[in-house]
Amino acid sequence: MEKMDIVLGKEKTPLVFKNARVLNVYTKEWERTDIAVKDGQILGTGKYDGDREIDCENRYIVPGFIDTHLHLESTLVHPKYLITEAAKTGTTTFIVDPHEAANVSGTDGIQFILDETEDVMASCFIMLPSCVPCIPGEQSGAQLRAEDLAPFLSHERVLGLGEVMDCRSVFEGAEEMMEKLRLFENKPKDGHNTGLSEHELNAYRLAGIQTNHEMTTYEDAKKEISKGFYCHIREGSAARNLKDIVRGIVEDKGSTRFYTFCTDDKHIHDILEEGHISHSIRKAIGLGIPPEEAYQMASLNGAICYGLNKKGAIAPGKDADLVLLKDPKKVIIDEVYHQGKKVEGNPVIGPTPENLLQTVHLGEFTVDHLKDVDCDDIMVLIPDQLLTKRIPYEEGDHGHLNKILLAERHGKTGDIGLGWVQGYGIKNGALATSVSHDNHNIIAIGDNDLDIYQGIRHLEKTGGGYVLVEKGKIVGSLPLEIMGLMTNESYEKVNRTLSRMKEKAHQMGIPRNIEPFILPSFLALTVIPEIRISSKGMVIVK
């Protein structure tokens, strides 16, 4: 009754945002209005007086942004750091798939992500990993079945099933996959596919999968939307698909109703430099999407997709997730509020559970194990894409080949797979990392075996991370002690270290249009065409 008296204007509101130009994402119109807020909830818009009033004259207010698909682990920093910094750029809701942590540490990894996103200045929802390992036969640190996921379903922030990348198991009706799909019946289910035929897309959608973030062209996106999928337009650090898809929408004068924005995998360095979902909005507007639609794509569309009834709009009953802008066309952000509280300050990070530290367990091997590459094909990199192409070894540019390898690091087999990659270009050295989707074994690329070997052994000492080796010397190192994926170090330190390492990597010959660290991390993801590296050797992906 107390709230009703406030809504009806009989009593003052605890908090009122006054005199703003507010975007109504339902009508795509700007309205001059006040916003009444109590206990983090929007009670109404219109004319209101408040105990506390924030004057928004000459400012614009839009709903908080939603990242519809990301892996917190891929930002390298502790989840609390990432969410705090991304929230300051307007992202107030995160749809997180913790399958990186799960591939290393199983359910303990999922629990860590849940625990560390509980007390943050944003709303963090979880999609439980569907494919750990990503496909049968992958050598991950864990294997999760339906019964392992079931206990998490009662958690209030668990929404549904994360990206189903093992498409073949869906089409063939593999019992383990069917059990997971049944477990999440009537709940959101994310997809991950590239290059499916029309019949396969029908089957994929019929299985209840409703989203995809792997679309790289407008033609692919339009085809999948016509089947009932949502397209999460990805703009991360390595995969930047927004320009091609948005240009297609603009040229085709297509509807944006089933498009959202996501980052998937974005380093803290890039978030601090260009923004988070705010960067996607700004870029989409620059390519011709009307600002009102761009903000709708960043808020309402994602909320509807995942059934987040309290998110996505500025209206009665919604959470007071508000972004105050100085300029909506340039996405110049002044202040951000999550559930009525201003997003500011720095998070408090507690100790990491011991079982999530020192997770690099290599088998016994010497530099001699790296010598013989038995492979008929070369992996060719495609700038700004996760896709690769293969060419016969005899047709490759042997003057610009690097050796690539994947070493099993979970203490199970000690396998090492070897191959060749063209387009990476590193000279007189090597890069190695324990971040390799989704098995998170150690991947290394270099032009000589000694530097490759030294890099791998260095990661064993640090518990994982990134390392650059040049002419036998460690010239850059970023330890990621939490599962070999993240660090408790401050985002400022990570940003400084990674910036120096990226510049050094480019100086060592890696082209400027190749992200030196994130791209190699995806070259082990054996569900993305056309050729990948595994701990058994090169794999042709169809």
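Scope of the values below: all heavy atoms of this structure, side chains included, with no hydrogens, waters or symmetry mates.
- Side chain of Thr263 to main chain of Asp265: no donor-acceptor pair is present (N/O by atom type, distance under 3.5 Å, no hydrogens or angles).
- Taken to the nearest 0.5 Å, the CZ atom of Arg240 stands 10.0 Å off from the CG atom of Leu242.
- Residue Glu198 qualifies as open at atom CD: its count of foreign heavy atoms under 6.0 Å is 12 or below.
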Under the side-chain hydrogen bond (donor to acceptor under 3.5 Å, both in side chains) criterion, do His232 and Thr68 qualify, and how do the steps go?
CA-CA 7 Å; His232 297 335; Thr68 50; 3.2 Å; yes

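- Counting only heavy atoms from C-beta outward, the side chains of Ile456 and Leu362 approach each other to under 4.5 Å.
- The two residues Val541 and Val527 come nearest to each other via the heavy atoms CG1-C, 3.8 Å.
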Under the side-chain hydrogen bond (donor to acceptor under 3.5 Å, both in side chains) criterion, do Arg157 and Thr117 qualify, and how do the steps go?
CA-CA 10 Å; Arg157 291 191 290 115; Thr117 56; 3.1 Å; yes

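- Rounding to the nearest 0.5 Å places CG of Leu450 at 14.5 Å from NZ of Lys471.
- For the residue pair Tyr453 and Asn448, no side-chain donor N or O sits within less than 3.5 Å of a side-chain acceptor on the partner.
- A donor-acceptor distance shorter than 3.5 angstrom exists from the side chain of Lys189 to the backbone of Phe184, with no hydrogens or angles considered.
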Test side-chain hydrogen bond (donor to acceptor under 3.5 Å, both in side chains) on Glu138 and Asn439; report intermediate values, then the result.
CA-CA 7 Å; Glu138 274 282 14; Asn439 49 63; 3.1 Å; yes

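- The pair Glu395-Arg390 does not count as a salt bridge, with every side-chain nitrogen at least 4.0 angstrom from each carboxylate oxygen.
- Formation of a donor-acceptor pair under 3.5 Å by the Thr91 side chain with backbone atoms of Ala87 is not found in this model.
- Phe365 carries Arg457 over the face of its six-membered ring, with the cationic atom under 6.0 Å from the centre and within 45° of the normal.
- Between Leu76 and Leu478 the shortest heavy-atom distance is CD1-CD2, 3.9 Å.
- Listed for the Glu470 side chain is no donor-acceptor partner under 3.5 Å among the backbone atoms of Gly472.
- Atom NZ of Lys461 sits in a sparse spot, with 12 or fewer heavy atoms from other residues, nucleotides or ligands closer than 6.0 Å.
- Rounding to the nearest 0.5 Å places NZ of Lys223 at 11.0 Å from CG of Asn212.
- Under 3.5 Å, the side chains of His269 and Asn495 contain a donor-acceptor pair of N or O atoms.
- Listed by first and then second residue, the ring-ring contact (aromatic ring centres under 6.0 Å, His included) pairs that reach into residues 91-145 are His71-His99, His78-Phe112, Phe94-His276, sequence neighbours excluded.
- Of the possible polar contacts, none joining the Ser123 side chain to the Thr93 backbone as a donor-acceptor pair under 3.5 Å is found.
- In terms of heavy-atom proximity, Phe171 sits nearest to Tyr204 at CE2-N, 4.0 Å.
- The shortest non-hydrogen separation linking Leu144 to Ala102 is CD1-CB, 3.9 Å.
- The backbone N or O of Gly465 lies less than 3.5 Å from a partner atom in the side chain of Ser434, making a donor-acceptor pair.
- The pair Lys403-Asp451 does not count as a salt bridge, with every side-chain nitrogen at least 4.0 angstrom from each carboxylate oxygen.
- Across every non-hydrogen atom of Cys305 and Thr211, the tightest pair is SG-CG2, 3.7 Å.
- The distance from the CG atom of Leu128 to the CG atom of Leu183 is 8.5 Å, given to the nearest 0.5 Å.
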Would Ile443 and Leu523 count as a side-chain contact (heavy atoms from CB on, under 4.5 Å) if you check the C-alpha gap in whole Å, the side-chain angles of each, and the deciding distance to 0.1 Å?
CA-CA 8 Å; Ile443 195 167; Leu523 300 182; 3.9 Å; yes

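- If you run salt bridge (charged side-chain N to carboxylate O under 4.0 Å, His left out) between Lys266 and each of Glu274, Glu273, Glu235, Glu515, only Glu274 comes through.
- Taking the six-membered ring where the residue is Trp, His213 and His192 present perpendicular rings, their angle passing 60° and hence far from 30°.
- The side-chain heavy atoms of Val96 and Met127, taken from C-beta on, include no pair separated by under 4.5 Å.
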The test is side-chain hydrogen bond (donor to acceptor under 3.5 Å, both in side chains); show your working for Asn441 and Ser436 and say whether it passes.
CA-CA 6 Å; Asn441 291 308; Ser436 61; 5.6 Å; no

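- Counted within 6.0 Å of CG on Asp374, heavy atoms from surrounding residues, nucleotides or ligands total 12 or fewer; the atom is thus considered open.
- Shortest non-hydrogen contact noted between Leu357 and Glu481 is CD2-O, 3.4 Å.
- For the atom pair CG of Leu386 and CD of Glu214, the computed distance is 6.0 Å after rounding to the nearest 0.5 Å.
- Inter-residue side-chain proximity for Ile531 and Asp377 is flagged as met; some heavy-atom pair is nearer than 4.5 Å.
- Side-chain contact between Ile474 and Gln454 is present, with heavy atoms from C-beta onward closer than 4.5 Å.
- Using a cut-off of 4.0 Å between Lys/Arg side-chain N and Asp/Glu carboxylate O, Asp447 and Lys427 are scored as not salt-bridged.
- Asp368 has a carboxylate O that lies under 4.0 Å from a charged side-chain N of Lys371, or vice versa, which qualifies the two as a salt bridge.
- Using a 4.5 Å heavy-atom cutoff, the side chains of Glu489 and Tyr81 are not in contact.
- Side chain of Glu408 to main chain of Thr413: a donor-acceptor pair is present (N/O by atom type, distance under 3.5 Å, no hydrogens or angles).
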Side chains of residues 348-356: which donor-acceptor pairs under 3.5 Å do they make with residues two or more places apart or in other chains?
from   : atom 1 : to     : atom 2 : distance (Å)
Thr352 : OG1    : Asn488 : ND2    : 2.9
Asn355 : ND2    : Asp108 : OD2    : 2.9

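- Salt bridge Arg409/Glu460: absent, no basic N to carboxylate O contact under 4.0 Å.
- Ion pairing between Lys536 and Asp415 holds under the 4.0 Å rule for side-chain N and carboxylate O.
- Without hydrogens or angle criteria, Thr75 side chain to Leu72 main chain gives a donor-acceptor distance under 3.5 Å.
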CA sep, side-chain torsions, deciding dist, call: Ile126, Ile113, side-chain contact (heavy atoms from CB on, under 4.5 Å):
CA-CA 9 Å; Ile126 304 296; Ile113 297 297; 4.0 Å; yes

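- Judged by distance alone, with hydrogens and angles left aside, the side-chain atoms of Glu163 form no donor-acceptor pair with the main-chain N or O of Gly191 at under 3.5 Å.
- With a 6.0 Å radius and a threshold of 12 heavy atoms from other residues, nucleotides or ligands, Lys389 has its NZ atom at or below the threshold.
- Here Gln507 contributes atom CD and Lys502 contributes atom NZ; the two are 13.5 Å apart, rounded to the nearest 0.5 Å.
- For Lys243, the NZ atom is loosely surrounded, since the number of other residues' heavy atoms within 6.0 Å does not exceed 12.
- His400 and Tyr424 have their aromatic ring centers separated by at least 6.0 angstrom.
- No donor-acceptor pair closer than 3.5 Å links the side chain of Ser140 to the backbone N or O of Ala142.
- If you run side chain to side chain contact (heavy atoms under 4.5 Å, CB included) between Leu381 and each of Asn513, Asn402, Thr388, only Thr388 comes through.
- Taking 4.0 Å as the cut-off between side-chain N and carboxylate O, Glu200 and Arg168 count as a salt-bridged pair.
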